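As structure tokens, the structure follows; a few thoughts come after it.
Order of listing sets the numbers, starting from 1, for every ligand and every atom in it. All figures in this text were calculated on a predicted structure; none of them were measured in a lab.
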Amino acid sequence: MSQNLFPDTPFLHGLTYMPGFALGEEAELVRVVLAVVKAAPFRRMKTPGGKEMSAAMTNCGVTGWVSDAKGYRYARRDPLSGEPWPEMPDIFRSLAARAAAVGGFAGFVPDVALINRYEPGAKMTLHQDVDEQDFSAPIVSVSLGLPAFFLWGGPRRTDKPARLFLESGDVLVWGGAARKFFHGVAPVKQGVHRLTGAARLNLTFRQAL
Ligand code: SIN
Ligand code: FE2
């Protein structure tokens with residue numbers, strides 16, 4: 001179920017690719033996302049520079065990742081509603097813990113799932129996940145719906161990223177030396193997926209607090 005990608009290339013150590021790891025749960029995961037979105041709808045956040053991100057986002061868990069003119073940060077309440085984010089569903093916590101364990105990080109307890117929705121054309125430019133307080137916990141990333149190329153870079157923004165084709169049910173885990181490596185998503189191609197329609201969903205599990 002797990003393989004170390006391209007072991008001879010410099011920056012792929014620390015990334016565990018688990019094709020189809022969540023395939024048996026994908027329909028339920030999508031249903032649970034729709035339930036979260038009823039309470040905390042997808043929205044396109046603005047970067048600190050004032051640009052609207054092309055992926056729409058929401059969160060569940062005890063905190064949530066947010067971005068606006070004041071910067072990137074975690075907030076315990078949804079700025080749209082002023083309410084706490086929806087609770088992390090058990091199926092999310094359990095999947096994240098099982099995947100992390102396979103990736104070498106037993107005992108992972110995520111306190112947030114950032115949920116991204118990419119419509120065709122949407123992308124995520126190369127970035128680091130560095131707003132969390134403790135980098136000893138890994139990142140667990142679950143893809144659902146339309147496929148996309150994941151861009152896996154290195155410790156520097158200028159490191160040329162590898163392209164990894166992610167399909168619905170695929171899971172990635174990265175941590176340790178790779179925890180702060182640059183990564184992103186190439187523009188999602190037009191398409192229709194039986195579970196999500198014209199969209200790709202990504203769940204990013206983190207221990208933020
Ligand atoms: C992210 O890095 O926040 C999203 C990654 C993805 O959508 O696969
Ligand atoms: Fe990220």
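- Using modelled atom types, one finds a donor on one side chain and an acceptor on the other under 3.5 Å when comparing Asp131 with Trp65.
- Legend: side chain to side chain donor-acceptor pair (under 3.5 Å) pairs involving residues 98-108, not counting sequence neighbours, sorted by first then second residue: Glu25-Arg98, Ser94-Arg98.
- Taking the ring centre of Phe135 as origin, the terminal cationic atom of Arg179 falls outside the region bounded by 6.0 Å and 45° from the ring axis.
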* To do: Go through Ser141 and Asn202 one step at a time and tell me if the side chain to side chain donor-acceptor pair (under 3.5 Å) criterion holds.
  => CA-CA 7 Å; Ser141 165; Asn202 175 260; 2.9 Å; yes
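- A donor and an acceptor atom, one from each side chain of Glu132 and Tyr74, are located under 3.5 Å apart.
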Extract all N/O-N/O pairs under 3.5 Å that connect ligand 1 to the protein, and present each with both atom names and the distance rounded to 0.1 Å.
residue, atom, partner, partner atom, Å
ligand 1, 2 (O), His127, NE2, 3.1
ligand 1, 2 (O), His183, NE2, 3.0
ligand 1, 7 (O), Tyr118, OH, 2.5
ligand 1, 7 (O), Arg200, NH1, 2.8
ligand 1, 7 (O), Asn202, OD1, 3.3
ligand 1, 8 (O), Arg200, NH1, 3.4
ligand 1, 8 (O), Arg200, NH2, 2.8
ligand 1, 8 (O), Asn202, ND2, 3.2

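- The distance cut-off of 2.8 Å around the Fe ion (ligand 2) captures these protein N, O or S atoms, sorted by chain and number: His127 NE2, Asp129 OD1, His183 NE2.
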* To do: Could you walk me through whether Glu87 and Arg93 pass salt bridge (Lys or Arg N to Asp or Glu O under 4.0 Å), step by step?
  => CA-CA 10 Å; Glu87 272 182 41; Arg93 200 179 297 103; 5.8 Å; no
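- A cation-pi contact links Arg200 to Tyr118, judged by a cut-off of 6.0 Å to the six-membered ring centre and 45° from its axis.
- Between Arg206 and Asp129, at least one side-chain N (NZ, or NE/NH1/NH2) sits under 4.0 Å from a carboxylate O, which counts as a salt bridge.
- Judged as a side chain to side chain donor-acceptor pair (under 3.5 Å), the pairs with a partner in residues 185-198 (not counting sequence neighbours) are, in order, Glu26-Arg194.
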